[in-house]
Amino acid sequence: MAKIIAVLVALAGPGVLGHVVAGRSGVMIGITVGAVVVLAICYAVVTRTSDAAQAAQDVGADAMVWVSAGWVIVAGWLVGDTMSTAGAIIGSLLSVLVVGVTGLAVAARLDGSLAAALRRRAGR
């Protein structure tokens with residue numbers, strides 16, 4: 001449930017606000033700002049909480065993955081939508097492909113959980 005809330009806070013809210021303020025370009029700006037803020041919060045949760053807070057670390061790490069993937073997919077749709085409806089569909093499908101390939105590459109390089117890898121990189 002927390003991951004769903006993180007994705008909604010990062011993408012849906014800022015996207016709607018951006019659309020109301022500035023149309024299609026506002027959506028991209030809104031979701032970008034929202035995603036960056038939520039990613040920063042999640043990263044802080046993962047790297048700054050004690051080792052006893054394993055659940056919080058896992059939720060934060062998973063939310064980072066979902067927000068990043070969601071941002072790429074929405075960005076692909078928006079870029080394609082500037083051309084045509086078919087472009088929006090193609091952009092979305094290509095974005096899903098990029099997310100899938102990137103996810104496989106990252107998963108192959110990580111040994112253990114994402115939260116543990118982030119904590120190692122942060123020097124904790």
Side-chain angles (χ1 to χ4, degrees):
M1 185 65 169
K3 290 176 271 195
I4 294 169
I5 292 170
V7 171
L8 290 176
V9 167
L11 301 177
V16 170
L17 180 63
H19 179 69
V20 169
V21 172
R24 183 182 295 142
S25 59
V27 173
M28 195 64 215
I29 293 167
I31 65 168
T32 300
V33 170
V36 167
V37 169
V38 171
L39 288 175
I41 291 168
C42 290
Y43 183 77
V45 166
V46 170
T47 58
R48 306 268 189 253
T49 55
S50 70
D51 290 335
Q54 185 66 40
Q57 293 171 8
D58 289 343
V59 168
D62 289 349
M64 290 175 72
V65 171
W66 283 99
V67 168
S68 300
W71 184 89
V72 170
I73 292 168
V74 172
W77 172 75
L78 287 170
V79 169
D81 192 46
T82 60
M83 293 176 244
S84 67
T85 302
I89 294 168
I90 292 168
S92 297
L93 293 175
L94 286 174
S95 297
V96 169
L97 179 67
V98 167
V99 167
V101 169
T102 304
L104 289 174
V106 169
R109 302 233 347 131
L110 287 179
D111 54 346
S113 74
L114 179 59
L118 288 172
R119 290 175 63 78
R120 277 195 307 274
R121 285 193 177 263
R124 282 200 78 213

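By the criterion of side-chain heavy atoms lying less than 4.5 angstrom apart, applied directly or through intervening Ile, Leu, Val, Met, Phe, Trp or Tyr residues, Val38 is grouped together with Tyr43 in one hydrophobic cluster. With hydrophobic clusters built from ILVMFWY side chains whose heavy atoms lie under 4.5 angstrom apart, Leu11 shares a cluster with Met28. Val20 and Val9 end up in different hydrophobic clusters when Ile, Leu, Val, Met, Phe, Trp and Tyr side chains are linked at under 4.5 Å. Val45 and Leu39 fall into different hydrophobic clusters, where Ile, Leu, Val, Met, Phe, Trp and Tyr residues are linked whenever their side-chain heavy atoms come under 4.5 Å apart, directly or through other members. With hydrophobic clusters built from ILVMFWY side chains whose heavy atoms lie under 4.5 angstrom apart, Val79 does not share a cluster with Val27.
Checked against side chain to side chain contact (heavy atoms under 4.5 Å, CB included), Ala55 has no partners two or more places apart in sequence or in another chain.
For residues 16-36, every residue pair satisfying the salt bridge (Lys or Arg N to Asp or Glu O under 4.0 Å) rule, not counting sequence neighbours, is listed here: Arg24-Asp81. Counting only residues at least two apart or on different chains, no salt bridge (Lys or Arg N to Asp or Glu O under 4.0 Å) pair has a member in residues 86-95.
Interatomic distance, CG of Leu97 versus OG of Ser92, reported as 12.5 Å (0.5 Å rounding). In this structure, OG1 on Thr82 lies 10.5 Å from CH2 on Trp77, to the nearest 0.5 angstrom. Between the OG1 atom in Thr32 and the CH2 atom in Trp71 there is a gap of 5.0 Å [rounded to 0.5 Å]. Separating the CG atom in Leu94 from the CD1 atom in Ile73 is a distance of 11.5 Å, to the nearest 0.5 Å.
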